[in-house]
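Single-structure report; data block below.
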Amino acid sequence: MDLMHHSSAFLLPSIPADRHLPPLTYALVVLNQSLPRFTPLLWKHARLHLCADGGANRLFDEMPLFFSDENASDVRRRYKPDAIKGDMDSVRKDVLDFYKSIGTKIIDKSHDQDTTDLHKCVTYIRDSSPDLDRSNLCILVAGALGGRFDHEIGNLNVLCCFSSLRIVLLSNDSLVYLLPRTHRHEIHIQTSVEGPHCGLVPLGMPSRSSTTTGLQWDLDNAEMRFGGLVSTSNIVKGEKVTVQSDSDLLWTISIKKL
Ligand SMILES: Nc1ncnc2c1ncn2[C@@H]1O[C@H](COP(=O)(O)OP(=O)(O)OP(=O)(O)O)[C@@H](O)[C@H]1O
Ligand SMILES: Cc1ncc(C[n+]2csc(CCO)c2C)c(N)n1
């Protein structure tokens with residue numbers, strides 16, 4: 001079984017090169033929730049920038065607040081999304097007109113009321129990455145946690161719908177991603193920006209056997225299910241956590257307040 005490496009290096013000002021691993025190509029999706037404080041950093045790391053429908057309002061209204069000594073219009077031009085995609089029932093007309101005028105692509109999928117705007121954005125990113133690059137693609141999703149619970153569940157479902165893609169859901173407080181059962185996992189903890197609180201939760205079905213190292217409460221061939229044991233309020237002990245399971249697990253870790 002192949003080993004998959006994970007790291008939250010995208011939360012660092014610059015991403016250190018790793019001799020052993022090919023670099024990841026990041027894409028950023030901005031959702032319709034308050035922008036996390038580190039959004040400008042995620043933007044800098046990303047090659048492709050999308051707003052999911054009303055996420056464009058957040059970019060327009062809130063990005064200038066991070067740069068209060070600058071002209072708001074200059075900030076908005078500097079943080080120009082490549083595309084705004086969704087069912088377009090939340091993005092304001094003034095916002096759409098502004099981004100259209102500076103060259104943002106507008107992709108109106110109002111006929112599709114069966115998939116979420118985040119799902120539509122992930123499809124766009126996947127289809128604009130050549131096959132060979134997809135294994136090194138990592139989609140960062142800003143504003144995906146907290147807020148309306150149905151949206152949050154919809155965002156988790158997107159992880160399941162695209163389980164072969166690396167997708168990281170982020171808020172100010174936590175990040176979440178999927179550890180597919182097809183791989184063993186090595187998680188490199190960026191102790192300056194994340195931890196120590198963490199969790200491992202089976203997604204979609206119970207896990208008959210999960211094994212970890214590097215946690216205060218490690219799992220040793222343990223069963224996890226809702227209604228039984230799920231690993232919340234766990235603690236990372238050092239800089240490396242390993243996980244292996246017979247079912248897909250959600251990994252979550254706290255983000256430090258600095
Ligand atoms: N409160 C929230 N918590 C988590 N994610 C959210 C929240 N609000 C929006 N999102 C995410 O942002 C995306 C775009 O939001 P937007 O408000 O434009 O969606 P929407 O389709 O208009 O939602 P709805 O019609 O259900 O209110 C959603 O698809 C969802 O992924
Ligand atoms: C069974 C079922 N439940 C809810 C919706 C509604 N819905 C799901 S995603 C979406 C688009 C949001 O931008 C909407 C309206 C549906 N279609 N089917």
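What you see is a predicted model; the values in this text were computed from it and never measured. Counting convention: from 1, in listed order, for ligands and their atoms alike. Each residue takes its place number in the sequence, starting with 1.
Glu186 has its side chain within reach of Lys240: a pair of non-hydrogen atoms, C-beta onward, lies under 4.5 Å apart. For the pair His6/Tyr177, a side-chain contact is recorded, criterion being any heavy-atom separation below 4.5 Å from C-beta on. Contact of the Leu24 side chain with the Leu137 side chain is not registered, since no non-hydrogen atoms from C-beta on lie closer than 4.5 Å. Side chains of Pro16 and Leu12 form a contact here, defined as non-hydrogen atoms less than 4.5 Å apart.
In summary, the aromatic rings of His49 and Tyr79 are positioned with their centroids too far apart to meet the 6.0 Å limit.
Among residues two or more places apart in sequence or in another chain, the side-chain contact (heavy atoms from CB on, under 4.5 Å) test is passed with Lys44 by Leu41.
The N/O atoms of Ala52, backbone and side chain alike, include none that comes under 3.5 Å of an N/O atom in ligand 1. Between Glu152 and ligand 1, a contact under 3.5 Å exists for no N or O pair. The shortest N/O to N/O separation between Gly54 and ligand 1 falls below 3.5 Å.
Protein neighbours of ligand 2 below 4.0 Å, counting non-hydrogen atoms: Asp87, Gln113, Asp114, Thr115, Thr116, Asp117.
Within the structure, salt bridge (Lys or Arg N to Asp or Glu O under 4.0 Å) pairs that include any residue of residues 215-236 comprise Glu223-Arg225 (at least two apart or interchain).
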Let me have the donor-acceptor pairs involving side chains of residues 60-67, under 3.5 Å, with sequence neighbours excluded, atom names and distances please.
| unit_1 | atom_1 | unit_2 | atom_2 | d |
| --- | --- | --- | --- | --- |
| Asp61 | OD1 | Arg92 | NH2 | 3.0 |
| Asp61 | OD2 | Arg92 | NH1 | 2.9 |
| Glu62 | OE1 | Leu35 | N | 2.7 |
| Glu62 | OE2 | Arg58 | NH1 | 3.0 |

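Against a heavy-atom cut-off of under 4.0 Å, Leu118 is close to the following atoms of ligand 1: 29 (O), 31 (O).
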